[in-house]
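Mind having a look at this structure? Questions to follow.
Every number for a ligand or one of its atoms is a count from 1 in the order of the listing.
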Amino acid sequence: MDITINPNKLPIFDSHAHFDDTAFKEDLSAVVAEMKENGVVGVINNGVNYESSAKIVELSENYDIFYSAVGVHPEDLYNGEIFSPEKLLPLLSHPKTVAIGEIGIDYHWDTHPADVQKQWFEAQLDFAKQVNLPVIIHDREAHNDTLEILKKHKPKGVLHCFSGSNEMAKEVLKLGMYIGVGGVVTFKNARKLATVVKDLPLDRLLLETDAPYLSPEPFRGKRCRSDLIYFTAQKVAEIKGISTEDVLKASIENIKTLYNKIK
Ligand code: NI
């Protein structure tokens, strides 16, 4: 496809990605070089278990644009085990480890019982509070339980790849949290998310990819990378009736406000 990505090289910061994924195994350094060419100035990689958390911290040493969130994703819980904070603790002193994530609840895949997922989620929220880091939250088909736990813990952080209703978004905003918006907003059937984006104050928006997944149109279905955020920002700008540049700029400001280790 011959489409220019980000022709004016506006700065792009991806608040949620997984560049440790095997999808980038063969050509990560080339992809990072191209993304930088296309304006990408920062990416927060999210760990999904202890091993991937260690791996992304290592990647953050090799690539200047990479930062890390470390945590255990609800699909990656260790059967029969309870959360072991000491396994993440050594990663936190790294200057580029900026958050605990991604953590949360996933009832779509149903890999682990609800009570186990909630226990891990709450344990990691407590941990984040103890170590004074914001959280990156995954909620898939678990809106009620997620919101209930967020209201209880009142964490600093973002609800990534937001898929709830406009009413839920307003509850999340009331808690002082941010809303993560990715490629899904460009999909034809994303009417509910468009309503959320329309009402969302610009100072609570974080742009993200979830790379290698969820590429925005016109790259839907292809391997996703952080420079494609340009198309997500374009769509958000269209919905809000503002410029793409203003959307990208607001997201970067919000990222720096939320993750104060990012200068
Ligand atoms: Ni993710």
Open item on the list: Test of understanding: with side chain to side chain donor-acceptor pair (under 3.5 Å), list the residues that count as partners of Asp227, not counting sequence neighbours.
Closed with: Asn38, Arg225

Task: Salt bridge Glu253-Lys256, side-chain N to carboxylate O under 4.0 Å - done: no

Task: Shell of protein N/O/S atoms around the Ni ion (ligand 1), taken as anything under 2.8 Å - done: His16 NE2, His18 NE2, Glu102 OE2, Asp210 OD1

Task: Salt bridge flag under 4.0 Å for residues Lys188 and Glu217 - done: no

Task: Main-chain N/O of Ala237 paired to Lys240 side chain as donor or acceptor, under 3.5 Å - done: no

- [ ] Give a yes or no answer on whether the side chain of Ser251 reaches the backbone of Leu248 with a donor-acceptor pair at less than 3.5 Å.
- [x] no

- [ ] Show your working on salt bridge (Lys or Arg N to Asp or Glu O under 4.0 Å) between Arg223 and Asp21 and close with a plain yes or no.
- [x] CA-CA 11 Å; Arg223 180 177 69 166; Asp21 194 280; over 6 Å; no

